[in-house]
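Here is the structure we will look at, set down as structure tokens.
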Amino acid sequence: WKAMRAVVVEPVLCVDTTALIAFQTMRLKQMNALTIVCPSTGVLIGTISDADLRGLNHDNLKILFLPVLDFLQHQGTLRQPVTCKKDTKVSEVMELLVKERVHRIWVVDDAGLPIGVASMTDIALYFYSNTLELWYPSDE
């Protein structure tokens, strides 16, 4: 992962953070997703993303005031987050993205604490930056 961008993310506490606050945080931080962690341990237990807004309309807006895990359960999008370690091979991350049909994989440490995120965009940028020299060799 040294060559790949692993963006550190701000966690969303799972006990009292409402879905509305989570989505407001995503907007303010210009992020598409946030981690949900256990407040006592900091361990990653879920993900909330802009995709979780699907199906929301004026008749059910009140569910935004639910805690994030309850909101996800109501939306039918609560699932175990897909994770990897910082030393996971890029090919394994790609395989996980496809196999699990997710947009991002959270990078966690040995204790399960989130330390970053890798997306399909990150992988594309990794390959682009590592093959640019093959396409356009320097004059050195």
Side-chain angles (χ1 to χ4, degrees):
W1 284 111
K2 290 179 185 172
M4 281 197 59
R5 177 172 70 109
V7 179
V8 176
V9 293
E10 184 176 322
V12 174
L13 298 180
C14 64
V15 172
D16 56 3
T17 303
T18 66
L20 181 62
I21 296 296
F23 290 119
Q24 288 174 335
T25 302
M26 279 189 262
R27 184 171 180 266
L28 290 171
K29 302 275 185 185
Q30 299 181 347
M31 300 175 83
N32 295 325
L34 293 171
T35 57
I36 303 169
V37 299
C38 177
S40 60
T41 64
V43 171
L44 177 65
I45 58 173
T47 299
I48 188 164
S49 75
D50 52 5
D52 296 313
L53 288 168
R54 288 186 194 125
L56 205 60
N57 59 50
H58 71 285
D59 293 329
N60 62 1
L61 282 177
K62 64 183 178 212
I63 67 170
L64 287 170
F65 294 100
L66 293 173
V68 287
L69 292 179
D70 294 339
F71 171 83
L72 293 172
Q73 188 158 2
H74 184 277
Q75 291 291 86
T77 56
L78 180 62
R79 63 181 284 188
Q80 186 70 23
V82 180
T83 63
C84 70
K85 304 290 178 135
K86 66 180 179 181
D87 59 350
T88 303
K89 295 178 184 176
V90 174
S91 60
E92 293 171 355
V93 172
M94 289 175 54
E95 183 179 336
L96 273 172
L97 284 164
V98 172
K99 179 182 164 197
E100 298 293 331
R101 300 178 69 170
V102 294
H103 300 288
R104 67 196 54 81
I105 295 181
W106 300 104
V107 183
V108 296
D109 65 14
D110 290 335
L113 305 176
I115 57 174
V117 62
S119 69
M120 196 54 109
T121 302
D122 297 321
I123 290 173
L125 289 171
Y126 168 82
F127 282 113
Y128 174 76
S129 64
N130 285 304
T131 57
L132 194 58
E133 182 65 25
L134 295 174
W135 297 332
Y136 304 103
S138 64
D139 294 331
E140 296 176 18

### Task
Quick one: list whatever passes salt bridge (Lys or Arg N to Asp or Glu O under 4.0 Å) with Asp59, sequence neighbours left out.
none
### Query
With a cut-off of 6.0 Å (strictly less than), are more than 12 heavy atoms of other residues, nucleotides or ligands near CD of Glu92?
yes
### Query
Which is it for Ile48 and Phe23 under the side chain to side chain contact (heavy atoms under 4.5 Å, CB included) test, yes or no, and what are the steps along the way?
CA-CA 8 Å; Ile48 188 164; Phe23 290 119; 3.8 Å; yes
### Query
Is there a donor-acceptor pair under 3.5 Å between the side chain of Gln75 and the backbone N or O of Arg54?
yes
## Note on the structure
Apart from Leu113 itself, its cluster of hydrophobic side chains linked below 4.5 Å comprises Val43
### Query
Less than 4.5 Å apart, any side-chain heavy atom of Val108 and any of Ile115?
no
### Query
Taking only residues two or more places apart in sequence, or in another chain, which ones meet Leu28 in a side-chain contact (heavy atoms from CB on, under 4.5 Å)?
none
### Charged N-O contact under 4.0 Å between Arg27 and Asp50
no
### Query
Are Thr83 and Val107 close enough that some pair of their side-chain heavy atoms sits under 4.5 Å apart?
no
### Pairing residues for Glu100 by the salt bridge (Lys or Arg N to Asp or Glu O under 4.0 Å) criterion, not counting sequence neighbours
Arg79
### Ile36 and Thr47, any side-chain heavy atoms less than 4.5 Å apart
no
## Note on the structure
side-chain contact (heavy atoms from CB on, under 4.5 Å) filter on Leu20, not counting sequence neighbours, yields Thr18, Gln24, Leu64, Phe65
### Task
Would you please name every residue forming a side chain to side chain donor-acceptor pair (under 3.5 Å) with Thr77, sequence neighbours left out?
Asp52
### Query
Under 3.5 Å, is there a donor-acceptor pair between the side chain of Thr88 and the main chain of Cys84?
no
